[in-house]
Amino acid sequence: MLSAPPRTAGTARKQSAGRLAVALLGPALRQTPRTPLLLGGSVALSTAALPAALGAGLGLSDAALLCRVGAVVVALAVGFALDDRAARTTGVLPVRPLLRRVVRAVPVLAVGAVVWTATAVLARAAAAPEVRSLFPWGGLATEAGALTVVALALAALGLRLTGGEQGGATAAPGVLLLVIAAALLPDRFAVFLPPGHPHWTGVHLLWAGLLGVFLTGGVLLARTDP
Amino acid sequence: MTSSTALGGTSTEQGRPSPGRVVARGGRGAVSGLARVEAVRLLRHPALLAASGLYAAFWIFDLATGDAAHRFPVLQDESWFVHLPLLLLAAGALLAANQAALRSHRDSTETVYETLVVGRARRVLAHLLSLLPTVLIAAVLTAARIGYLANRPGAVGQVRYWDLLAGPLCVLLAGVIGVLLSVFATSGVVAPTAVVGLGVLTFAGALNAGSSWRWLGLLAFEDENAAPLPVVLTARPAAAHAGWLAALAVLLATVAVLRSGGRGAGLKVVAAVAGAGVLVTGVVQTRGVSSAVVERRTAFTEHPAAYQDCTVGNGVTYCAFEGFDRWKQEWQQVAEGVLHRVPQDVAGAGYTVRQRVLPFADANGGTALPESWSRDDAAAGTPGAVTVGTDWSDGAAAGDRRSDAVAGFATGFAYRVVTGEVPDRPRLSMVCGARAVLVLWLAGEATPGTREALRSVRDRTFGGAISMPLLGSAAGVSFEPRAAELAFALIGQEGGRTAETVKAAWAEFSAHGTTVDRAAELLGVPAPEAVTGNQVAGC
């Protein structure tokens, strides 16, 4: 007679974490800050929808700019995902801080991804028909992903500075100042390149590297309570 | 011993309030005291510190790398362009002021503050006043930056003081918006979203640099592809814009105070006056370019000789508009670099370099050159004057437009020396064969800067043909690809054998029919591979 293989400690921990995550999802959804998502989504979509509706026939650079505006406001909204006004209470629960924060971030990330994709579709529609096929989905998505991860990492840093309560107060100014500074960089160091630029691939490898670095930093900052 | 507190009460030596002696003074002294405290906190806010740090980082990087990009600034353009990095400080001020004004909400102390003698309206007023030191810092940074640029060795033109005011006023307006938003919404995301909105408005204004509505944004950009104009031809309603920014800041500030419970006829009068100021200055600044300026631009474009001062140096006459005299020595270096490599009789033929502007050129390069130029040159006694623009750069350091100006002048001067002509056709004049090799080689060898600028043009060219439109017009010169390939192979070669060969065989090199193959043969170098069946148009 066959018996089930004995469960290892690691497997048990994973299953327990999975069950906890599912159990936490409902409360996390109820606690999700909605104003940042609503405001950010409205700004991103309306900014891209207006030229699309007017049939502006934009160049690729301008279409990419609309998409980047969407990426910035989505990153700003995501930056508030980890805010937890009840951190003093939730901090003592027997749930790992990283799991708690991942559960809070995932729904916001999902909505953010939908908003950004819709913005990108509208931005592409606002571009002139002859250049639409050249719309650089991959590169712009990498930039959006990197900005979002930067926002989350800064939010995790903000949590450490505010007793686990207000990550957004650090993330939003941080992301904005970094984006403005990046936009002001001299041409030879530019990171927001026009599509088709000879350095497009190289710069997007840099964006991917940035994403990896901030992801690692964010996880390290978020895995423990302040 | 007791002392007065910022909020109008008194405190003991140990810092505890003495309850029996609190005086209900919620007036000017309390507001200014609170404003002082908030001003210091604002200056120490991480968002403002980070913004200032990033602003400084750009400048420090420039200084550390020699700042070749800003060696030849045109001060009337820099007077508004210096504000671009100041937008960082404006964003920092908006975010920091908003977070400061929302502090009581964030810390849940709003209800506690309601028990104080300083009401909400006065606290908002104090937050508004706390912006002034930040604005002062922005003014100091602006003054320092323009002072630094004005003292660069190649600085030309004139500082426009009204334009300079706009930067600090942008910081003030941004800070006021931050406080105003805190009065209407307590969510921390509103201020960052407002920064994004202002950023989009600013970018939209930059993309529509010819529109008059761009003056309703924080910073009014000019066309980044357009060359600078002499100061008398500029048409920026800078004083009206500064007035508009100031009036808008006052109007929004009064709205914030009124909204938070402020009362008093004086406040409403200030709001009304500021509102009227916004309307008047808003209309004035969006009226567009006046007809007097348009007429002056036309006159300067068609008859530049009448508005220039000329200097003779080593047999070459250099004519520049007022304010651009300093660049004559730069042009002279290029001219002498070309003439140094040609036979004596050709070098002494007598040349003129004349600065010109094309303010009505369209962005697509379809503008024709004014027919009056040759007549104007003849009337001034300088026929066949070589055109130079209002841009200059240390090689390719200051970006494509300025780099192209250097390459364009060098090739234009070399073309005049080699062919005895200036490009005056309505389209690009094709330069072929040995002449093309010679012109490009002379231009590339003239100075290290012209060499770098020409290489920059080549690196941005597809198909091998090098084109040099004159001041962004449809006219100019274009060089066949094989000639360009040979010329770039020769530029920068050690030994100087090419120079000797060129001088010795000048007549054959500069003759109309000499081919690229013959030029290579004369120089003893392999000719570039010919592309079969690919006849170059115009050659």
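Per chain, numbering begins at 1; letters A, B, ... match sequence-line order. Computed over heavy atoms, backbone and side chain alike; hydrogens, waters and symmetry mates excluded.
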Task: B:Tyr55 versus chain A, the contacting section by heavy-atom distance below 4.5 Å - done: neither

Open item on the list: What residues of residues 55-70 of chain A make heavy-atom contacts with chain B at a cutoff under 4.5 angstrom?
Closed with: A:Asp62, A:Leu65, A:Val69

Open item on the list: Is it the case that atom CZ in B:Phe203 sees more than 12 heavy atoms from other parts of the structure closer than 6.0 Å?
Closed with: no

Open item on the list: If you compare all heavy atoms of B:Ala91 against all heavy atoms of A:Leu177, which two are closest, and at what distance to 0.1 Å?
Closed with: CB-CD2, 4.3 Å

Open item on the list: Between B:His45 and A:Pro173, is there a side-chain heavy-atom distance shorter than 4.5 Å?
Closed with: no

Task: Residue among A:Ala171, A:Ala172, A:Ala169 with most heavy-atom pairs under 4.5 Å to chain B - done: A:Ala169

TODO: Identify which part of B:Leu95 has an atom lying under 4.5 Å from any heavy atom of chain A, answering side chain, backbone, both or neither.
DONE: side chain

TODO: Specify the closest pair of heavy atoms between A:Thr35 and B:Ser187, including all atoms of both residues, with the distance to one decimal.
DONE: CG2-OG, 3.8 Å

Task: Side chain / backbone / both / neither for B:Leu88 at chain A, heavy atoms under 4.5 Å - done: both

- [ ] Answer yes or no: are there more than 12 heavy-atom neighbours, outside A:Arg88 itself, under 6.0 Å from its atom CZ?
- [x] no

- [ ] Rounded to the nearest 0.5 Å, what's the gap from CD on A:Glu165 to CG on B:Asp107? Could you check?
- [x] 9.0 Å

- [ ] Taking all heavy atoms of A:Ala181 and all of B:Leu54, pick out the closest pair and write down the distance.
- [x] CB-CD1, 3.8 Å

Open item on the list: With a sphere of 6.0 Å drawn around CZ of A:Arg223, does it hold more than 12 non-hydrogen atoms of other residues, nucleotides or ligands?
Closed with: no

- [ ] Measure centre to centre between the rings of A:Phe189 and B:Phe58, then say whether the value is under 6.0 Å.
- [x] no

Open item on the list: Please give me the minimum heavy-atom distance between A:Ile180 and B:Val195, naming the atom from each residue.
Closed with: CD1-CG1, 4.2 Å

Open item on the list: With rounding to the nearest 0.5 angstrom, report the OG1 to CD distance, A:Thr170 to B:Gln99.
Closed with: 7.5 Å

Task: A:Leu176 versus chain B, the contacting section by heavy-atom distance below 4.5 Å - done: side chain

Task: Proximity breakdown for B:Thr202 and chain A, heavy-atom pairs closer than 4.5 Å - done: neither

Open item on the list: Applying the side-chain contact (heavy atoms from CB on, under 4.5 Å) criterion to B:Val200, which one of A:Thr47, A:Val73, A:Val43 satisfies it?
Closed with: A:Thr47

